[in-house]
Each structure stands twice: as structure tokens, then as C-alpha cells.
Amino acid sequence: MWHLPVELIDLRFLLLTSLTILIGARGAVKVPRFNTYVTTSDTFIFLAILLYGGAAGILLAAADGLSSGARVVKKPRTILFNSAVMACSTFLTVKSLDLIFGIPTSLVHQSFSRVLIAVCVMALAQYFSNTGLVALGMSFKYNQPFGQMWSKNYLWSSITYFAGAGAAYFIASNIGTIGLFAIFVATLMIAILYFTYFRYLEEIRATAAQAEQSERERAEAERSRAETERERAEQAERHVKELNNYITEQERISGALEETKEHFRHAAFHDPLTGLPNRAMFTELLKAEVDSKHRHSDLFAVLFLDLDRFKNINDSLGHTHGYLLLIAFAQRLERILRPTDTLARFGGDEFAILLTGISDSNDAMRVAQRVQDDLTLPFVLEKSSSFTTASIGIALSTSGYEKPEDILRDADTAMYRAKENGKARYEMFDAGMHARAVSRLQMESDLRQAVEQKQFCIHYQPILALESGRLAGFEALIRWNHPKEGLISPTEFIPVAEETGLIVAIGQWVLEEACTAVNGWHQISPTHRALSLSVNLSGRQVSQPDLVDQVKRALGKSKLNPHCLKLEITESVVMENAETATVMFKQLRALGVQLSIDDFGTGYSSLSYLHRFPVNYLKVDRSFVSRMTETEDNAEIVRTIVTLARNLGMEVIAEGIETEAQNEQLKALGCQYGQGYLFSRPVVTAEVLTILERERERGAEIVLSETANQEEGVLASVYQM
Ligand code: C2E
Ligand code: MG
Ligand code: MG
């Protein structure tokens with residue numbers, strides 16, 4: 001300010017100052033990507049140096065520094081620093097020009113080459129000093145190397161200084177010719193140039209900003225994409241893991257499910273004891289065979305097997321032994337059969353075999369015979385060994401079956417036939433059997449009617465004391481007086497009555513009827529008050545829990561002396577119900593009733609049971625008596641039975657005595673009682689009364705055999721055996 005030539009200050013200078021402060025400050029433009037501002041004020045400062053000398057230029061620079069600094073920042077210290085930097089740098093420029101070219105104001109009149117150099121010096125000096133000072137300040141502020149600071153921010157900006165210096169020179173050298181107007185024009189040009197440049201910079205800045213923004217967005221998008229990708233990957237991984245877990249779990253679960261299903265499937269179609277197919281599976285296989293028989297000419301057969309007296313084995317040897325026997329039996333059968341045959345257990349002691357691809361009935365019969373032969377060998381089970389036999393029924397596909405049930409039914413029928421024919425054998429189903437099965441069905445319905453209409457009558461067979469030959473009692477034997485068929489033997493209808501349960505009602509009727517009849521005879525003929533009555537009880541009746549009550553009721557109604565009543569129970573029935581029989585027998589004995597084991601020798605009596613039964617009589621089966629005279633063996637059996645009975649405190653009754661020889665032999669063996677055609681067939685009540693009367697008349701000398709012989713012709717017309 002001290003060196004400012006006041007005389008040179010004119011309107012132009014004030015105008016220049018104003019422009020510098022207004023435009024220069026306002027036109028501060030940030031250089032994109034660099035931390036620096038470019039102002040047009042450099043041109044005006046250079047112009048001031050060239051027109052009004054160094055002092056004017058330095059003052060203008062200081063003023064410009066203040067105004068441009070204030071526009072950019074708020075801090076006074078920074079504004080002052082900015083102003084000081086501008087003043088100092090301009091001072092250095094002015095001093096450089098001074099040193100090289102002398103007074104700057106004289107430069108406008110000098111040669112072009114000199115001026116060019118001067119402009120360059122001016123620009124360079126201003127550039128270096130200005131940017132250098134700012135870079136120095138910033139390097140202190142940010143604690144960074146000066147060179148790095150400068151080159152990073154200001155290297156390029158020298159151009160503006162050169163442009164500014166050139167413009168200033170142009171204006172100053174032409175100011176004389178075009179006057180003040182030139183300044184305005186120049187200013188306008190500069191303004192236009194500047195604003196063009198400004199716009200250009202703005203655009204660059206916008207573009208840069210946009211670029212930066214899109215770069216940021218891109219980076220952001222990239223980042224979020226990566227993030228999403230990562231999350232997705234993680235999620236996918238999680239899903240895969242979960243899925244894997246789920247799959248493993250399912251495989252577990254479904255594995256167990258499959259197992260359970262398989263278990264149930266197996267259980268539904270197999271017998272748990274032997275592991276063999278059960279009835280359901282056998283029926284399925286049979287159905288397939290029945291269905292396919294239309295397609296080929298091969299025959300197939302069904303064998304129905306039932307172990308004989310299995311219940312007996314179970315009761316006498318225990319259930320464990322029974323189970324073991326069934327398993328061993330199944331294993332034996334499997335060994336006999338071909339792999340293509342099917343063996344099944346239907347439950348209990350029932351088995352079935354399906355033979356496929358056979359050529360005729362002989363093939364099926366051969367298998368049945370193999371089974372029978374095989375059963376002649378004992379089963380060695382745990383500690384004990386035992387024998388068993390089987391009854392087998394065979395049905396062949398030649399009968400043209402449409403349903404598996406039909407062929408099974410027929411095989412079953414044949415099996416029953418085998419049982420009836422003496423067990424331990426096989427029977428081939430035939431049309432006759434079918435007819436019998438049908439007539440059996442017919443019998444069933446007829447029998448129901450018979451019970452309702454009381455179509456029964458009782459015949460009585462005398463029982464004698466063999467030694468004295470005197471009448472000891474009667475056995476009541478039922479007959480069915482069929483309206484169409486005539487008299488039907490109990491051997492025919494009793495099994496049907498047993499199966500249907502009708503035997504309970506029939507048995508009760510017999511008991512009451514016979515007791516009443518015999519009590520009547522006791523009344524009519526007082527000399528026969530001790531006559532006994534034997535009544536047969538079937539298996540079904542014995543298993544009735546109220547049997548004792550039924551007997552009591554019959555005795556009550558008939559008023560028969562309980563000691564005169566003998567109840568006969570077949571040996572096999574007794575042994576099949578050994579445990580309950582023991583209890584029942586004791587109760588019956590408590591009533592005063594006597595007990596006989598019928599058909600003794602045909603069943604499998606367990607001696608230990610026999611010993612415990614409170615039984616009074618053993619009735620030797622007819623088969624032993626009838627063959628007694630043929631072989632010594634049968635006589636031995638009878639002798640053994642007599643001895644056994646004596647040892648057990650029982651008496652023996654022989655059935656079916658038909659000849660005097662048998663009578664004599666039995667007497668010799670010590671058999672106490674006997675009944676048979678030799679003495680009398682079973683007779684109707686009227687005949688009984690005749691017998692009683694004759695017996696009374698003849699007294700102790702009456703020979704019943706004669707009576708029987710005389711009666712035979714008459715009785716035979718009444719009842720045919
Ligand atoms: P059972 O109790 O063993 O009766 C003896 C059977 O042998 C009777 O046959 C009788 O007529 C027959 N009989 C007697 N002496 C001779 C003889 O010298 N030679 C021959 N060949 N046979 C003789 P029946 O009357 O046909 O009775 C058969 C079976 O029916 C009886 O055998 C008995 O088990 C059963 N039964 C008969 N009546 C009844 C009854 O009221 N209730 C029950 N549950 N079963 C009965
Ligand atoms: Mg009997
Ligand atoms: Mg008998």
C-alpha cells in the first residue's frame with residue numbers, strides 16, 4: 001500500500017478491483033478430483049501488475065484472497081491465510097519480473113518474444129509461489145510430504161496461470177488502442193470464456209459426480225449383490241443341510257416305517273409259531289392257482305392235515321411240549337415237500353399243503369402216504385419223545401373249483417372222513433363225500449327240529465353181573481325217530497349234535513327221561529330197587545359249567561336215588577378235559593352219583609390222571625371184547641384193564657359180549673359186569689318191563705341170555721343196528 005502509486009489510481013483501476021472481487025471470488029471453481037480452486041482473479045491480478053505496477057497487483061491479490069477465501073471457507077484464520085498466500089505469491093511474482101525485466105508496467109511496450117518470456121515467468125512465478133505456499137501449509141496441516149501434496153493437487157493447474165497471464169498481457173497491450181471499452185469487451189470475453197469453462201467444469205464435475213455416484217452405486221450394488229449372493233449361498237447351504245437332515249430323518253423314519261409295514265405284512269400272512277404261511281396267505285396262493293388253472297392243464301391238490309388227539313398231548317405233556325411238537329411236525333413236512341409246494345398252518349393242529357403241477361391223484365396220495373410213513377418215527381423233543389398221527393383230507397382240482405374256499409372245504413370234509421374212518425389215514429374227497437356233507441347239513445337242520453319236536457326215544461340195554469348172571473341195571477341209549485328216515489343211530493347224529501351244541505338240550509332230556517323211567521321201574525318192581533341206570537355224557541356236556549346242576553335237577557325231578565345213577569364218559573373226552581373233569585367228577589360224586597369211563601382202552605389214558613379221578617367203573621371197549629377170543633393179545637389187554645381197575649379200586653364192565661365164550665373168558669378174567677347182544681340188545685320200555693317181570697318170576701335162576709335170544713327177532717324189527 002505504501003508503494004502504491006496513488007496518481008495512477010483511476011476509474012479503470014477501481015473497475016478492475018471490483019471485477020476481481022466480484023467475478024473472481026464468485027468464479028471460484030473446484031477442480032474435480034483435486035483439492036484446489038481456480039479463480040479468474042489471476043488474470044485481473046496479472047493485468048493490475050502490468051498496468052499499475054507490482055504494489056497494485058499485490059494489494060489486489062490480498063483483497064482477492066480475502067474475498068475468495070471467505071466464499072470457500074468460514075474460518076477467519078483460513079481466509080487470512082488464503083489472503084496472505086495470495087499476497088506473498090504475487091509479491092514473489094512481482095519481484096521475479098522486477099529482477100528479470102525491470103518495472104512490469106513497461107512490459108506491454110516490449111518485443112513479442114520478451115513479452116512471451118515475461119508472461120511465462122509471471123505465470124510460473126505466480127504458479128509456483130502460490131501453489132507451493134498452499135501445498136506447504138497443507139502438508140503441515142495434514143502431516144504429509146510437501147512434494148506429494150503439491151504434485152497431487154496443483155501439478156496440472158499451471159495451465160490456468162499461463163492462460164491467465166496470456167489474457168492479461170493481451171488486454172494490457174491493447175488497452176491503448178481500444179481504450180476502456182476493450183476492458184469491458186475483454187471482461188465480457190473472459191466472462192464468456194470463464195463461464196464456458198465453468199460450465200465445462202460443472203459438467204465434468206456433474207459427470208464425475210455421476211460417475212462417482214454410479215461407481216458408488218455400482219460398488220454398492222456389487223456389494224449388496226455379493227451380500228445377497230453370500231446370503232443366498234448360506235441359505236442354500238442351510239437348506240441343503242436341512243434337506244439332508246430331513247432326508248436322513250425320513251430314511252430313518254421311512255426305514256422304520258417300512259420295517260413296521262413289512263413286520264405287519266409278514267404278521268398278517270404268517271403263523272407266528274412256525275413261521276409258515278397262514279390261512280390268509282394260503283387262500284391267496286390257492287386263489288391264484290384256481291384262477292390260473294384255466295390257462296394250463298396242470299393239476300393241483302390241497303391236503304388238509306389235522307393231528308390226531310393233539311389236545312390229549314397238550315393236556316398230558318404240557319403246552320410247551322405241544323408247541324415244540326407242532327414246530328417239529330412243520331419241519332418234517334417241509335422236508336417232504338418240493339420247493340414249489342406250499343405248507344401252511346391254519347392254527348391249532350391244522351395244516352394245509354398246496355401241491356402244484358401234479359399229473360394225477362396218485363401224486364397227491366403219495367405225498368399223503370409219505371406224511372403218514374414219516375409219522376411212524378417218534379419226535380424227539382427236549383427231554384421226552386412222543387408219537388403223533390395225522391388225519392389227511394385231499395381235494396383235487398379236477399372237480400373244477402371256482403373259489404379257493406370250495407376246495408378247502410372239500411379237503412376239510414375229506415379230513416373229517418379220515419378221522420371218522422379211524423384217524424391216522426388219508427381220504428380222497430369224492431362226490432359221495434360231498435353228498436354226505438350235504439346230507440350232514442340237512443341233518444343239522446333236521447336235528448334242530450327234532451329237538452323242538454322231541455323226536456327222540458330211549459332204548460335200554462341190560463347190564464348183568466357176570467358171575468351171577470343177574471340183572472344189575474340198564475344203559476340208556478338214545479335213538480332219533482326221524483319222521484322220514486325212521487330210527488337213526490346215535491353214532492350218526494350225536495357228532496352233529498356235539499358240533500352244533502344241540503347235545504346240551506338232548507343230553508338233558510335223556511337224563512331226565514331215563515331217570516324218570518328207571519325210578520318208575522323201581523316203584524313198579526320193589527325187588528329191583530337197586531337197578532342202576534347208565535347215562536352217556538358227551539364231551540360238550542362235560543365241559544358245561546352247570547353240568548352238576550343239570551344232574552341235580554334231573555335227580556330232583558325224577559326222584560331217582562342218586563346212587564343208582566352211573567354217568568358214562570368216553571375215555572378220550574375225559575383225558576381231553578382232564579383238569580376240569582377232575583373237579584367236576586368230585587362234585588358229581590358228592591351228589592352220590594357213580595362214574596364210568598366208557599370205551600376204555602381206545603383213548604390215551606394218562607395213568608397219573610386215572611389214579612386221581614374218583615371213578616367207579618372202567619368200561620372195556622367192545623373192540624377188545626370182540627377180538628378177545630381171536631388173539632391172546634386182546635385177552636391180555638382185558639386182563640390188564642381188570643388188574644388195573646382192581647388196583648385203583650374200580651370195577652370193570654365189558655361191552656359187546658356176543659358169545660358165550662367171551663362171557664366165560666371175561667368171567668375167568670374177573671370182569672364183574674357185562675352187556676351185549678348175548679344177553680339183550682337195547683330194548684324199548686315195554687320190553688324192559690317184560691324183562692323185569694320175567695326176572696322177577698324166575699327169580700335168581702333166570703337166564704337172561706335166553707330172554708335175549710327169544711327177543712332178538714322181535715327187537716330187530718323195532719331197531720336195526
Ligand atoms: P356206548 O356208550 O359205548 O354204547 C354201547 C354201544 O354198543 C351201543 O350202541 C350199543 O347198542 C352197542 N352194543 C351193545 N352191545 C353190543 C354187541 O354185543 N355188539 C355190538 N355190535 N354192539 C353192541 P349205540 O346204541 O348205537 O350207541 C352208540 C354210542 O352212542 C354209544 O356208545 C354212546 O357213546 C353214544 N350214545 C348213545 N346214547 C347216547 C346219549 O344219550 N348221549 C350221548 N352223549 N351219547 C350216547
Ligand atoms: Mg356208553
Ligand atoms: Mg362204549
Side-chain angles (χ1 to χ4, degrees), residues 269-271 274-308 326 328-377 388-438:
F269 288 107
H270 289 84
D271 162 46
T274 57
L276 291 175
N278 61 9
R279 182 188 275 268
M281 187 166 175
F282 189 87
T283 310
E284 282 298 309
L285 293 170
L286 187 57
K287 187 178 185 307
E289 203 56 42
V290 168
D291 290 346
S292 75
K293 77 156 193 281
H294 305 290
R295 294 197 294 274
H296 55 71
S297 56
D298 282 354
L299 296 180
F300 65 89
V302 170
L303 274 65
F304 206 107
L305 297 91
D306 189 288
L307 292 184
D308 300 324
L326 287 173
F329 178 64
Q331 284 168 350
R332 261 196 205 182
L333 288 182
E334 273 186 318
R335 273 201 298 275
I336 292 172
L337 300 174
R338 303 166 302 168
T340 47
D341 301 329
T342 306
L343 171 66
R345 180 174 173 238
F346 279 13
D349 57 345
E350 281 184 356
F351 290 82
I353 298 169
L354 172 61
L355 300 175
T356 54
I358 56 171
S359 43
D360 55 27
S361 59
N362 288 327
D363 286 349
M365 288 194 283
R366 253 195 297 276
V367 173
Q369 192 52 54
R370 272 291 298 280
V371 176
Q372 300 294 359
D373 294 346
D374 229 76
L375 291 178
T376 56
L377 300 168
T388 190
T389 57
S391 297
I392 305 172
I394 308 169
L396 212 64
S397 63
T398 41
S399 302
Y401 294 101
E402 294 295 333
K403 284 186 287 178
E405 294 82 18
D406 294 347
I407 189 165
L408 270 175
R409 178 205 58 214
D410 287 355
D412 193 33
T413 303
M415 187 277 287
Y416 267 102
R417 191 80 197 149
K419 291 249 184 220
E420 282 168 12
N421 288 353
K423 300 176 178 152
R425 56 186 292 139
Y426 65 81
E427 289 293 340
M428 190 68 132
F429 182 81
D430 59 34
M433 242 178 242
H434 183 70
R436 272 194 295 278
V438 169

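Computed from heavy atoms alone, side chains included, the values below leave out hydrogens, waters and symmetry copies.
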* If every non-hydrogen atom of Ala301 is compared with every non-hydrogen atom of Ile358, which pair is closest and at what distance? -> CB-CD1, 3.7 Å

* To do: Starting at CG of Asp291, measure out to CD of Glu402 and round the result to the nearest 0.5 Å.
  => 9.0 Å

* Inter- and intrachain pairs under salt bridge (charged side-chain N to carboxylate O under 4.0 Å, His left out), touching residues 405-416, at least two apart -> Asp406-Arg409

* Atom of Leu286, atom of Pro404 and distance for their closest heavy-atom approach -> CD2-O, 3.6 Å

* What's the spacing between Ser391 OG and Gln372 CD if we round to 0.5 Å? -> 7.5 Å

* Asked: Any side-chain heavy atom of Val290 within less than 4.5 Å of one from Lys287?
  -> no

* To do: Identify, with sequence neighbours excluded, every residue that meets side chain to side chain contact (heavy atoms under 4.5 Å, CB included) alongside Ala411.
  => Val302, Phe304, Ala395

* With side chains defined as the heavy atoms from C-beta onward, is the minimum distance between Asn278 and Phe269 less than 4.5 Å? -> yes

* Asked: Who are the side-chain hydrogen bond (donor to acceptor under 3.5 Å, both in side chains) partners of Thr389, not counting sequence neighbours?
  -> Asp308

* **Trace of the side chain to side chain contact (heavy atoms under 4.5 Å, CB included) decision for Leu305 with Tyr426** => CA-CA 9 Å; Leu305 297 91; Tyr426 65 81; over 6 Å; no

* How long is the gap from CG on Leu285 to CG on Leu354, to the nearest 0.5 Å? -> 7.0 Å

* To do: Identify the two heavy atoms, one from Leu343 and one from Ala330, that lie closest to each other, and give their separation to 0.1 Å.
  => CD2-O, 3.5 Å

* To do: Considering non-hydrogen atoms only, spot the tightest contact between Thr274 and Leu326 and give its length.
  => CG2-O, 4.2 Å

* List for me each residue that meets side-chain hydrogen bond (donor to acceptor under 3.5 Å, both in side chains) alongside Asp373, sequence neighbours excluded, and say none if there are none. => Gln369

* Rounded to the nearest 0.5 Å, what separation is found between the CD1 atom of Ile407 and the CD atom of Glu289? -> 9.0 Å

* To do: Please examine the side chains of Leu377 and Arg332, heavy atoms only from C-beta on, and report whether any two atoms are closer than 4.5 Å.
  => yes

* **Results of salt bridge (Lys or Arg N to Asp or Glu O under 4.0 Å) for Lys423 - residues two or more places apart only** => none

* Quick one: list whatever passes salt bridge (Lys or Arg N to Asp or Glu O under 4.0 Å) with Glu284, sequence neighbours left out. => none

* Does any non-hydrogen side-chain atom of Leu303 lie less than 4.5 Å from one of Phe351? -> no

* Where at least one partner belongs to residues 354-364, residue pairs that pass salt bridge (charged side-chain N to carboxylate O under 4.0 Å, His left out), sequence neighbours excluded -> Asp363-Arg366

* side-chain hydrogen bond (donor to acceptor under 3.5 Å, both in side chains) with Arg425: which residues, sequence neighbours excluded? -> Glu427

* Just jot down the salt bridge (Lys or Arg N to Asp or Glu O under 4.0 Å) partners of Asp349, sequence neighbours excluded, or say none. => none

Atom pairs and distances, side-chain donor-acceptor, residues 428-437, under 3.5 Å, sequence neighbours left out:
from: Asp430; atom 1: OD1; to: Gly432; atom 2: N; distance (Å): 3.0
from: Asp430; atom 1: OD1; to: Met433; atom 2: N; distance (Å): 2.7

* Structure fact -> For Phe282, the ring pair (Phe, Tyr, Trp, His ring centres under 6.0 Å) test, sequence neighbours excluded, returns Phe346

* Structure fact -> Nearest heavy-atom contact between Thr356 and Phe300 is CA-CB, 4.0 Å

* Asked: Less than 4.5 Å apart, any side-chain heavy atom of Leu333 and any of Val371?
  -> yes

* Heavy-atom pair of closest approach, residues Ala414 and Ile394 -> CB-N, 3.7 Å

* Point-to-point distance, once rounded to the nearest 0.5 Å, from CE of Met415 to CG of Asp306 -> 4.0 Å

* Which residue pairs pass the side chain to side chain donor-acceptor pair (under 3.5 Å) test with at least one member in residues 336-345, sequence neighbours excluded? -> Asp271-Arg345, Arg338-Asp341

